[in-house]
Peer 1: 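Got a structure for you, written out below as structure tokens; questions coming shortly.
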Amino acid sequence: MKYIKSKLWFFVLYTLIFVMLYVSFALYGLPVAAVAYPMGLGLLLVIAYLALDYRKYKKQIEQISELESKIDRLTEMISSEKAKSRQRMDYYSVWAHQIKTPIASMRLSLQGEDSPLSRKLGSDLNRIESYADMVMTYLRLDSESTDYVFAECDLDSIIKSCVRKFSGEFIARKIELIYEPVRETVLTDEKWLSFVIEQVLSNSLKYTLSGSISICIEQGQILAIKDTGIGIATDDLPRIFDQGFTGYNGRTDKKASGIGLYLCKRICDDLGYEISAESELGKGTTIRLDLSKKHVQAN
């Protein structure tokens with residue numbers, strides 16, 4: 001019935017043509033049969049055409065119906081996956097909250113003590129907390145609830161807060177920190193930028209056995225974090241921001257996950273920053289964050 005209704009204009013037009021020819025032949029006194037015969041043959045051809053067209057139409061309808069059914073199933077699967085994702089997020093949120101409670105308790109227990117052991121334990125606690133934050137950050141990046149709140153922030157306050165977390169490790173391992181106030185204000189999300197800086201500092205400390213780590217601002221609001229660590233192989237350098245890539249250093253350090261710098265790159269992309277690396281084996285690594293406002297505005 002839907003098909004017939006869609007072709008109703010066709011029948012109406014055919015009927016009008018037949019009536020016009022019939023009246024014309026009648027007015028001129030011509031045999032009406034001369035109209036009826038070709039119009040009858042034409043009607044058979046029209047019926048044959050419509051029959052073939054209907055088969056094509058019916059096939060299209062069946063294909064559309066099948067596609068709609070697949071879309072419904074996919075929609076259900078997506079809804080189910082979203083529900084599972086929310087459950088995972090809820091679980092890991094609770095997990096992160098619960099694991100930070102004993103970390104805070106242990107940190108309180110270590111307060112007032114200043115010994116090689118307490119500094120070592122404090123450093124380990126920082127790494128545990130950092131790994132918990134990495135899990136949450138990894139999950140939030142692809143979540144609908146990723147929250148970026150941009151504001152004018154004092155870069156020195158962010159840097160000092162990040163350095164403070166690793167102060168015990170700097171002291172315990174006798175790694176020199178070279179840092180002078182940068183006196184810069186940047187448009188950023190403080191929480192996410194802090195995560196990036198902490199990850200870079202954590203990597204620098206992990207792969208710097210001795211020497212120094214310096215933090216400075218270069219021309220054009222480029223924050224540079226330089227270390228005198230083991231460096232990165234030239235062949236590995238282009239891939240250090242790839243997910244799961246550990247390279248030569250990862251084969252040396254079996255605990256490397258290849259997630260930290262990948263998360264930094266993802267966050268910098270979202271914030272509108274550029275992150276780059278310069279390194280040489282045995283001489284250290286420099287990670288640069290271009291925090292200039294032009295990238296934030298372009299993003």
Side-chain angles (χ1 to χ4, degrees), residues 100 103-104 107 111 114 119 122-123 125-127 129-134 136-137 140 146-208 210-229 241 260-261 263-279 284-299:
K100 285 188 176 184
I103 290 173
R107 189 168 281 125
Q111 277 186 352
D114 187 15
R119 288 194 290 267
S123 174
L125 284 176
N126 282 335
R127 292 205 175 276
E129 191 170 23
S130 175
Y131 294 146
D133 290 337
M134 282 177 63
M136 290 305 302
T137 302
R140 284 174 181 156
T146 301
D147 54 334
Y148 291 102
V149 181
F150 286 90
E152 294 285 347
C153 300
D154 178 40
L155 187 55
D156 282 311
S157 297
I158 297 175
I159 294 172
K160 288 176 182 177
S161 176
C162 296
V163 169
R164 198 174 296 119
K165 291 187 69 173
F166 299 101
S167 58
E169 190 166 352
F170 273 102
I171 296 170
R173 296 177 50 197
K174 298 180 180 179
I175 303 292
E176 182 185 4
L177 174 65
I178 303 172
Y179 166 65
E180 291 184 5
V182 297
R183 296 182 178 86
E184 289 282 351
T185 300
V186 293
L187 179 62
T188 189
D189 181 293
E190 183 175 354
K191 179 183 71 175
W192 291 97
L193 178 58
S194 295
F195 176 87
V196 172
I197 294 174
E198 286 175 12
Q199 286 300 313
V200 175
L201 283 173
S202 177
N203 271 8
S204 292
L205 282 166
K206 185 189 297 185
Y207 296 113
T208 301
S210 62
S212 64
I213 295 174
S214 64
I215 304 172
C216 63
I217 201 78
E218 297 178 347
Q219 188 176 4
Q221 280 195 325
I222 297 176
L223 179 66
I225 300 175
K226 307 177 183 181
D227 64 57
T228 58
F241 297 109
L261 288 178
L263 293 177
C264 290
K265 180 68 168 64
R266 284 285 307 273
I267 293 169
C268 284
D269 288 345
D270 290 344
L271 291 175
Y273 300 150
E274 288 185 355
I275 183 170
S276 60
E278 180 183 326
S279 186
T285 301
T286 300
I287 299 292
R288 291 184 172 89
L289 302 175
D290 189 343
L291 308 176
S292 57
K293 295 179 182 179
K294 62 182 179 181
H295 296 296
V296 178
Q297 290 168 350
N299 195 53

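Computed from a predicted structure; not experimentally measured.
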Peer 1: Drop me the distance from Leu289's CG to Tyr273's OH, to the nearest 0.5 angstrom.
Peer 2: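 If we round to the nearest 0.5 Å, Leu289:CG and Tyr273:OH are 9.0 Å apart.
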Peer 1: Less than 4.5 Å apart, any side-chain heavy atom of Ile197 and any of Ile215?
Peer 2: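 No - every pair of side-chain heavy atoms lies 4.5 Å or more apart.
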Peer 1: Quick one: do Leu291 and Leu193 satisfy side chain to side chain contact (heavy atoms under 4.5 Å, CB included)? Show the steps, please.
Peer 2: CA-CA 10 Å; Leu291 308 176; Leu193 178 58; 4.1 Å; yes
Peer 1: Would you find a donor on one side and an acceptor on the other, under 3.5 Å apart, between the side chain of Thr228 and the backbone of Ser212?
Peer 2: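 Here the side-chain-to-backbone pair exists.
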Peer 1: Quick check: closest heavy atoms across Ser157 and Asp154, and the distance to 0.1 Å?
Peer 2: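 For Ser157 versus Asp154, the nearest heavy atoms are OG-OD2, 2.8 Å.
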Peer 1: If you define the side chain from C-beta out and look only at heavy atoms, does anything of Asn203 sit under 4.5 Å from Thr285?
Peer 2: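 No, every pair of side-chain atoms sits at 4.5 Å or beyond.
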Peer 1: How long is the straight-line distance from CG of Asp227 back to CG of Leu205, given to the nearest 0.5 Å?
Peer 2: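 It comes to 8.5 Å.
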Peer 1: Do you know the tightest heavy-atom contact between Gly284 and Ser279?
Peer 2: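 Here Gly284 and Ser279 meet closest at O-OG, 3.0 Å.
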Peer 1: Rounded to the nearest 0.5 Å, what separation is found between the NZ atom of Lys191 and the OH atom of Tyr148?
Peer 2: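 Between atom NZ of Lys191 and atom OH of Tyr148 there are 9.0 Å.
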Peer 1: Output yes when a side-chain donor or acceptor of Ser167 lies under 3.5 Å from a complementary backbone atom of Arg164, and no otherwise.
Peer 2: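 Yes.
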Peer 1: Can you list everything that forms a side chain to side chain contact (heavy atoms under 4.5 Å, CB included) with Ala132? Sequence neighbours excluded, please.
Peer 2: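 Side chain to side chain contact (heavy atoms under 4.5 Å, CB included) check on Ala132 returns Trp95, Ile99.
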Peer 1: Minimum heavy-atom separation for Arg288 to Ala224, with atom names?
Peer 2: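 Closest heavy-atom pair between Arg288 and Ala224: CG-CB, 4.2 Å.
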Peer 1: Do Arg266 and Asp270 sit within salt-bridge range, that is, some charged N less than 4.0 Å from a carboxylate O?
Peer 2: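 Not counted as a salt bridge, because no side-chain N and carboxylate O are separated by less than 4.0 Å.
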Peer 1: A side-chain contact here means heavy atoms from C-beta on lying under 4.5 Å apart; do Asp156 and Tyr179 qualify?
Peer 2: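 They are in contact (side-chain heavy atoms under 4.5 Å apart), so the answer is yes.
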Peer 1: Kindly state each residue pair satisfying salt bridge (charged side-chain N to carboxylate O under 4.0 Å, His left out) with at least one member in residues 179-189, sequence neighbours excluded.
Peer 2: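 Every candidate salt bridge (charged side-chain N to carboxylate O under 4.0 Å, His left out) pair involving residues 179-189 fails, so no pair, neighbours aside, qualifies.
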Peer 1: Rounded to the nearest 0.5 Å, how far apart are CG of Leu201 and CZ of Phe166?
Peer 2: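 It comes to 6.0 Å.
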Peer 1: Could you check whether any side-chain heavy atom of Ile159 comes within less than 4.5 Å of a side-chain heavy atom of Leu223, counting everything from C-beta outward?
Peer 2: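 Side-chain contact under 4.5 Å: yes.
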Peer 1: Hey, what do you get for NZ (Lys160) to CG (Leu155), rounding to the nearest 0.5 Å?
Peer 2: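 Taking NZ in Lys160 and CG in Leu155, the distance rounds to 11.0 Å.
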Peer 1: So how far is it from Cys153 SG to Leu187 CG, rounded to the nearest 0.5 Å?
Peer 2: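 Reported value, rounded in 0.5 Å steps: 8.0 Å.
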Peer 1: So which atom in Ser292 and which in Gln221 form the shortest heavy-atom distance, rounded to 0.1 Å?
Peer 2: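 Closest pair (atom of Ser292, atom of Gln221, distance): CA-OE1, 3.5 Å.
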Peer 1: Locate the shortest heavy-atom distance separating Ile175 from Thr208; write the atom from each residue and the value.
Peer 2: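 Taking Ile175 first and Thr208 second, the nearest heavy atoms are CD1-O, 3.7 Å.
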Peer 1: List the atom of Ile213, the atom of Ser204, and the distance in Å for their closest heavy-atom pair.
Peer 2: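 Residues Ile213 and Ser204, closest heavy atoms: CD1-CB, 3.6 Å.
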